[in-house]
Amino acid sequence: MQLKGAEIIWESLIKEGVDVVFGYPGGAILHAYDALTKYEGKGIHHVLVRHEQGATHMADGYARATGKVGVAVATSGPGATNTVTGIATAMMDSSPIVVITGQVATSVLGSDAFQECDVTGVTLPVTKHNFLVTKVEDIAPTIRKAFHIARSGRPGPVLVDIPKDIQNQLTEFLYPTTPIRLPGYRPPTKASPAQLDDALALIKNAKRPLILAGHGVNMSGAERALQAFAELTQTPVALTLLGKGALPESHPLCLGMMGMHGAAAVNTAIQSADLLLAFGMRFDDRVTGNLKTYSPNSKKIHVDIDASELNKNVKVDVGIAGDLRTVLEQFLPVAPKLEHREWISEIRDWQEEGDQRDILNQAMPTDKLFAAQAIRDLWSATKGEALVVTDVGQHQMWEAQYYLHERPRTLITSGGLGTMGFGLPAAIGAKFGRPNETVWAVCGDGGFQMTLCELATAAQENVNVNIAVINNSYLGMVRQWQEFFYEERYNNTPMHNPDFVKLAEAYGVAALRVTRREDIQTAVATAQSINGPTLVEFQVEKSDVVYPMVPAGADLNAMIRRPMPDWSENH
C-alpha cells in the first residue's frame with residue numbers, strides 16, 4: 001500500500017511492538033505528528049513531555065523497567081539537541097532506546113537553515129549507531145535496523161534522523177521481515193571450551209572467591225543462573241549500583257553494594273579475594289578506586305557481552321565475550337560443588353562492625369530527620385516491593401544503602417553519566433512500562449528542579465507515580481566533597497528552594513510534607529492511596545554525609561567511615 005513517510009514511521013513502530021512514545025512536536029517532525037492522529041488509540045499512546053530531555057529519560061526508564069526498547073520523538077535543531085543528555089545517559093548505562101528526530105528538508109541540508117543541526121554528528125559519540133534517512137523507501141528498513149541494534153548485543157541508544165520532505169513523500173510500504181545482517185556486527189553469545197576450562201581451573205583452586213554482579217546480570221536475564229552458580233560454588237556476591245536486584249539482598253550469599261559508597265566489608269572482601277568473577281560489569285572507577293592497588297592478589301575472570309570491555313580497565317586472566325546468561329548456563333553443568341566456610345565467616349566478621357554502626361545511627365534518638373532514616377522507612381512502608389527510580393546525588397547512595405531490592409529491575413538510576421534530573425521523568429516512563437507496580441521516584445532537591453516541569457506531564461496523564469523529594473537545601477553530594485576535600489568552602493552549594501508542596505499543587509499534583517520520622521509511614525500510605533501523581537517532601541538534616549566513602553583515586557579499602565555515635569548523654 002502507498003503511504004507517506006510520516007505514516008510509515010508509526011506503522012514501523014507498531015510492527016516493532018511499541019505501545020507508548022514520549023515526545024514533543026515541532027516544525028520538522030510535524031508531518032509525523034499529523035499522521036499520528038490515525039494511530040493514537042490504535043496501538044500507540046503518545047505522551048506529551050514538557051522538555052525533550054524528559055522524553056529521552058522517560059524512554060530510558062521504560063526500557064529499564066521492561067527490557068523492551070523505549071522510544072522518544074523530537075523535532076530538529078534545539079529539539080534534537082535537547083535529547084543529547086538523555087541519549088548519553090542511556091549510552092553509559094546500556095539502555096535500549098530509539099530516538100526519532102525530524103530534520104530540515106534535504107534541499108537545505110548543510111545551509112544552516114532555520115532549526116538545522118547536524119544531530120547525527122552531535123550524537124555520534126553517545127549513540128550505539130545513528131542514521132540520517134534521505135530516501136522515503138529507507139524509513140521502514142532503517143527503523144527495523146535501529147531496533148535490532150538497540151536491543152541486541154550490548155544494548156544502547158540509536159538515533160534516526162528523518163528530514164521533513166522525506167516524511168511527506170509517498171512510497172510502497174511493506175515492512176521487511178528478512179533476517180537482519182549488518183556488516184561487522186556479530187554480537188558474541190557463548191564461551192569457547194578452552195575459556196570454560198581455564199575459568200573452571202581458577203574456580204576450583206580459589207579459596208577466597210567473590211562474584212561481582214553488574215548491570216549485565218539484569219539485562220541478560222541471568223538472575224536465576226547467577227543464584228544457581230553462587231549456591232553451587234558457595235561464592236559470595238557483591239553488587240554494583242546498577243547490579244542491585246541481580247541477587248535478592250536477603251540471600252545469605254549477597255553482601256550488598258561495592259565501590260565508593262559501598263559497604264566497607266564488601267570493599268575489604270574485594271581487596272582480600274584470591275579470585276574475582278566479574279559478571280556483566282565494566283570495572284568503573286567508582287567501583288575500583290585506585291586501579292594500581294585494586295584487588296592485588298586475585299586472579300580475575302571477566303564475562304561481558306562487549307568484547308571491548310575485556311582488559312580495558314583491569315587486566316584479567318580469563319576474558320569471555322558472550323551473553324552472561326548463556327555463559328552461566330554453560331558453567332552450571334560443569335562447575336564443581338564447593339564450600340568456602342572460612343572465607344564467608346571472615347566476611348561476616350567484617351560485616352558486623354558496619355551493621356552495628358548502621359543500627360546505632362538509625363536508632364539514635366534525635367529531633368532531626370535524616371535522609372537515611374527516610375529511605376529506610378520508605379523501604380519498610382512499601383515492604384521493599386516498590387520499583388524505585390532515583391535521581392543522582394546523596395539520596396541516590398542512601399537509597400542504594402538502605403532500600404533493599406529483592407527483584408531485578410526494581411532500582412532504576414543513572415549510574416555511568418550520573419545525570420541529575422533523571423529521576424522524575426524516568427519514573428514516569430517506568431510506570432508506563434509496568435503500570436501495576438508501585439513506583440517511587442526518589443529525588444534530591446537539586447536534581448528534581450532540573451526536570452520538575454514533567455510534573456505537568458504526570459498530571460496531564462494522571463500517572464500514578466509517587467515522588468519523594470529529599471530536601472536538605474543543598475547540592476548535597478557536592479557539599480560533601482567540599483566538606484571533605486575543600487576545607488568546608490561551601491561555594492554555590494546552599495540552595496534557596498521553592499515550597500515544593502505548593503509547587504506540586506500548582507501543577508495539580510497532590511503533595512504533603514514530612515519533618516518528623518514518626519510521620520513517614522502515614523505519609524507513604526497516604527501517597528500510595530491517591531490515584532494519580534503525588535509528591536512527598538522530606539525535610540531532612542542539611543549537613544548529613546554519605547558514609548562510607550572512598551576518596552576519588554584512593555585505594556578501595558581506604559574508606560572514610562562514619563564515626564560511632566556517642567550515646568553517653570542518653571544512656
Side-chain angles (χ1 to χ4, degrees), residues 93-94 154 191 199 202-203 206-220 222-223 225-249 251 253-291 293-306 309-322 324-325 327-328 331 335 340 343-344 347 350-351 400 405 408 411 415-416 550 555-557 559:
D93 289 347
S94 306
R154 179 179 181 173
L202 295 178
I203 293 167
K207 303 299 181 186
R208 303 159 71 87
L210 191 64
I211 293 170
L212 310 182
H215 197 197
V217 178
N218 295 329
M219 298 179 73
S220 67
E223 298 87 3
L226 170 68
Q227 182 170 333
F229 178 86
E231 290 173 349
L232 179 64
T233 60
Q234 283 297 290
T235 304
V237 179
L239 307 172
T240 68
L241 173 64
L242 296 182
K244 281 176 70 75
L247 186 69
E249 292 195 69
H251 193 285
L253 289 172
C254 186
L255 305 183
M257 189 174 73
M258 67 183 86
M260 178 173 279
H261 294 292
V266 177
N267 291 346
T268 301
I270 291 172
Q271 294 298 85
S272 305
D274 65 2
L275 175 65
L276 295 183
L277 299 101
F279 291 159
M281 55 88 73
R282 58 188 179 84
F283 291 110
D284 175 76
D285 62 291
R286 286 296 194 260
V287 161
T288 63
N290 184 0
L291 284 171
T293 59
Y294 178 70
S295 192
N297 300 314
S298 67
K299 300 289 185 181
K300 298 172 181 71
I301 299 169
H302 191 183
V303 183
D304 199 281
I305 190 70
D306 187 349
E309 291 294 345
L310 305 178
N311 295 300
K312 185 179 83 173
N313 295 329
V314 173
K315 182 175 174 55
V316 300
D317 298 276
V318 179
I320 300 173
L324 181 60
R325 178 177 174 179
V327 173
L328 285 174
F331 272 121
H340 296 108
W343 170 230
I344 292 172
I347 294 174
W350 295 331
Q351 288 178 311
H405 291 267
L411 171 59
V550 180
D555 296 351
L556 189 60
N557 54 347
M559 291 159 283

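What you see is a predicted model; the values in this text were computed from it and never measured.
Using a 4.5 Å heavy-atom cutoff, the side chains of L556 and T293 are not in contact. Using a 4.5 Å heavy-atom threshold, the side chains of I347 and Q351 count as touching. Residues N290 and V550 fail the side-chain proximity criterion, which asks for heavy atoms closer than 4.5 Å. The shortest side-chain heavy-atom distance between Q227 and P248 falls under the 4.5 Å cut-off. Here the side chains of L255 and L210 are in contact, with some heavy-atom distance below 4.5 Å. Using a 4.5 Å cut-off on side-chain heavy atoms (C-beta onward), I305 and S220 make no contact.
Annotation for A191 and V327: closest pair N-CG2, 4.0 Å, computed over non-hydrogen atoms. The minimum heavy-atom distance linking V266 with A238 is given by the pair CG1-CB, 3.5 Å. When all heavy atoms of L247 and C254 are compared, the pair lying nearest together is CD2-CB, 3.7 Å. When every heavy atom of T240 is checked against every heavy atom of G214, the shortest pair comes out as OG1-CA, 3.4 Å.
No donor-acceptor pair closer than 3.5 Å links the side chain of D274 to the backbone N or O of A206. Looking at K299, its side chain never comes within 3.5 Å of a backbone N or O of D317 through a donor-acceptor pair. Judged by distance alone, the side chain of N313 and the main-chain N or O of R282 form a donor-acceptor pair under 3.5 Å. In this structure a side-chain-to-backbone donor-acceptor pair under 3.5 Å is present from W343 to P209. With hydrogens and angles ignored, the 3.5 Å screen pairs no side-chain donor or acceptor of R154 with any backbone N or O of S94. A donor-acceptor contact shorter than 3.5 Å is absent between the side chain of E231 and the backbone of A228. For the pair D93 (side chain) and G416 (backbone), a donor-acceptor distance under 3.5 Å is present. Between the side chain of N267 and the backbone N or O of G259 there is at least one donor-acceptor pair closer than 3.5 Å. The backbone N or O of A246 lies less than 3.5 Å from no partner atom in the side chain of E223, so there is not a single donor-acceptor pair.
Rounded to the nearest 0.5 Å, atoms NE2 (H340) and NZ (K207) are 7.0 Å apart. Here the CZ-CD1 distance, from R208 to I270, works out to 13.0 Å after rounding to the nearest 0.5 Å. From K300, atom NZ reaches atom CG of N311 across 11.0 Å, with rounding to the nearest 0.5 Å.
Every residue meeting the ring pair (Phe, Tyr, Trp, His ring centres under 6.0 Å) condition with F229, not counting sequence neighbours, appears here in chain and number order: F279, F331.
For the residue pair H302/E309, the side-chain donor-acceptor check at 3.5 Å is not satisfied.
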Applying side chain to side chain contact (heavy atoms under 4.5 Å, CB included), run through L253 and I344 and close with a yes or a no. CA-CA 8 Å; L253 289 172; I344 292 172; 3.9 Å; yes
Test side chain to side chain contact (heavy atoms under 4.5 Å, CB included) on L291 and V314 and set out the steps. CA-CA 7 Å; L291 284 171; V314 173; 3.7 Å; yes
Side chain to side chain contact (heavy atoms under 4.5 Å, CB included) between M257 and L241: does it pass, once the steps are laid out? CA-CA 6 Å; M257 189 174 73; L241 173 64; 4.0 Å; yes
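Only one option out of H405, H215, E249, M258 pairs with L239 in a side-chain contact (heavy atoms from CB on, under 4.5 Å); it is E249. When each of V303, L202, V237, T235 is tested with L277 by the rule side-chain contact (heavy atoms from CB on, under 4.5 Å), just one qualifies, namely T235. Among I211, V316, L276, L275, the single residue meeting the side-chain contact (heavy atoms from CB on, under 4.5 Å) criterion with I301 is L275.
Residue R325 places its CZ atom among 12 or fewer non-hydrogen atoms of other residues, nucleotides or ligands, all under 6.0 Å distant.
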